[in-house]
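Presented below is the structure to which this report refers.
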2 protein chains.
Amino acid sequence: MTPPPAKPTRRDALDNRERILTVARQTLGTSGSASLSAIARQAGVGIGTLYRHFPTREALVLELYRHDIQYLMDRAPALLTEHEPLVALRRWFDEVAHYGRLKFGVSEVIHAATNGGLDDEYYEPFVHAIGVLLDAGAADGSLKSGLDPEDVLLQLSVLWRIDPARDGAEERAARILALIVDGLKA
Amino acid sequence: MTPPPAKPTRRDALDNRERILTVARQTLGTSGSASLSAIARQAGVGIGTLYRHFPTREALVLELYRHDIQYLMDRAPALLTEHEPLVALRRWFDEVAHYGRLKFGVSEVIHAATNGGLDDEYYEPFVHAIGVLLDAGAADGSLKSGLDPEDVLLQLSVLWRIDPARDGAEERAARILALIVDGLKA
DNA sequence: CAACGTACCGGAGACCCCTCCGCTTAGCAA
DNA sequence: TTGCTAAGCGGAGGGGTCTCCGGTACGTTG
């Protein structure tokens, strides 16, 4: 989670970047699905400008939620200081699931991220956070050892495929998390 | 897995349908990503005609693999006659994973199917097949009881997100399947 | 303060998805 | 055979994504 990639130096460029982010926060934050062309129009910039600043839709959304994601990643070690590894793991999963359900759009993005196609500026910290939890669990014998964090992240990505609008979405997420955790236990 | 939905009655309609499927089998079957407009053009029909016959891209692909999918679904009860439930479950998972890795495009489709948005003509049999396996496992005590087949299908859908081109794709699929099965055990 | 190089702008354009609706024609009925 | 009619055709059109490159203006340098 390094600073924003290749911050523009010129003033107008920075202004544009901010305007785009402001508009995106409103539209993407609420609807979840808004055309990039519409965002560019509302922000008063050309479509080309938007794409230069944020090469993909994911890049834009990730930038919106940069801080939140950072927070989630930091929670992994924090939870480990408060709970036993197994509990910490489960709590962290819950928090991730809960967050993904709130902020529409993040789901799609993390989904994309787990595909590996994304710049791993976001992928790697995610894998790292999981790795920390898995290591702790392996150390105290509650989890299998030798687990691959990427495998687990992939399993987690299923959460984003639960339609939050449908009834019982939350329960389903909880059930699946329980299954995943059971599979990881030693 | 009922007969094709709403078979057209007129001859020209049927001809068009077949020509579309023939072209699709070649293009989608090999590349996996081909524009529907290109398929329509190659098949010598208007884009509107293609969309009338196959309302979505998934509908088209699913039609291509109808028989294969049917075969997979039938394998579930068949495996149960040859193996203990737990083994049958694992074997069936393997077959599904293996098949999905071969036929490019199926992945996307089942992925979409698991979203529920799809006509459940395909979704339901899938859930049913899993249900049969889960029931057998619950009956002999090797699996948890009360498992929701839809949950399991959702977990399985993660398989389609493993890039088959990347190294170690097969191993990763196997690892994840093992984790899933472990999570289902009693 | 002028002038210049380049970082950045912005929209036209290529391509795609999907819908809608006026036109065509297959197949039936007289 | 000759209508007739609705099932079916097909492409124009609206909206979207993403690229590319001629033009603009920022900030620096003399």
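Sequence lines set the chain letters: A, B, ... in the order given, protein chains first and strands last, and positions in each chain run from 1. None of these values were measured; they are calculated from a predicted model. The analysis underlying the following values was restricted to heavy atoms, covering all of them including side chains, and did not include hydrogens, waters or symmetry mates.
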Under a 4.5 Å cut-off applied to non-hydrogen side-chain atoms, are I20(A) and L60(A) in contact?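 In short, these two side chains touch, coming nearer than 4.5 Å.
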Report, one pair per line, the protein and nucleotides 20-29 of chain C atoms (nitrogen or oxygen only) whose separation is under 3.5 Å.
from, atom 1, to, atom 2, distance (Å)
dG27(C), OP1, R11(B), N, 2.8

Take atom [atom1] of [X] and atom [atom2] of [N], then tell me their distance rounded to the nearest Å.
{"X": "E18(B)", "N": "dG8(D)", "atom1": "CD", "atom2": "P", "value": "15 Å"}
{"X": "L14(B)", "N": "dC9(D)", "atom1": "CG", "atom2": "C1'", "value": "15 Å"}
{"X": "D15(A)", "N": "dA7(C)", "atom1": "CG", "atom2": "C1'", "value": "15 Å"}
{"X": "R57(A)", "N": "dT19(D)", "atom1": "CZ", "atom2": "C1'", "value": "18 Å"}
{"X": "L50(A)", "N": "dT19(D)", "atom1": "CG", "atom2": "C1'", "value": "14 Å"}
{"X": "R17(A)", "N": "dG10(C)", "atom1": "CZ", "atom2": "C1'", "value": "19 Å"}
{"X": "Y51(B)", "N": "dG14(D)", "atom1": "OH", "atom2": "P", "value": "18 Å"}
{"X": "L60(B)", "N": "dC17(C)", "atom1": "CG", "atom2": "P", "value": "11 Å"}

Check whether any side-chain N or O of N16(B) sits under 4.0 Å from OP1 or OP2 of dC9(D), and answer yes or no. yes
Respond yes when some side-chain nitrogen or oxygen of H53(B) is under 4.0 Å from OP1 or OP2 of dG8(D), and no when none is.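 Answer is no, no contact under 4.0 Å.
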State whether [X] and [Y] are salt-bridged, where the test is any N-O pair (Lys NZ or Arg NE/NH1/NH2 against Asp/Glu carboxylate O) under 4.0 Å.
{"X": "R90(A)", "Y": "D94(A)", "result": "yes"}
{"X": "E150(B)", "Y": "R172(A)", "result": "yes"}
{"X": "D182(A)", "Y": "K185(B)", "result": "no"}

Name the residue closer to the 5' end of DNA chain C, choosing between R19(A) and L36(B) according to the nucleotide with the nearest heavy atom. R19(A)
dG10(C), dC18(C), dC9(D): which one has an atom nearest the side-chain heavy atoms of V45(A)? dG10(C)
Residue R41(B), side-chain heavy atoms: nucleotide from dG10(C), dC16(C), dC9(D) that is nearest: dC16(C)
Measuring from atom CD of E18(B) to atom OG1 of T22(B), what distance do you get when rounded to the nearest 0.5 angstrom?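 Those atoms lie 6.0 Å apart.
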Report which part of the nucleic acid S35(A) touches: base, sugar-phosphate, or nothing (heavy-atom distance under 4.0 Å, all strands).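 Since only primed, P, OP1 and OP2 atoms lie under 4.0 Å of S35(A), the category is sugar-phosphate.
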Between T49(B) and I47(A), just flag the one whose closest nucleotide in DNA chain D comes earlier from the 5' side.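 Checking each residue's closest nucleotide, the 5'-ward one belongs to T49(B).
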Can a side-chain donor-acceptor contact be found between D74(A) and Q70(A) if the only test is distance below 3.5 angstrom?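 Distance-only check passes for Q70(A) and D74(A).
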Counting only heavy atoms from other residues, nucleotides and ligands, does the tally under 6.0 Å from CZ of R19(A) exceed 12? yes
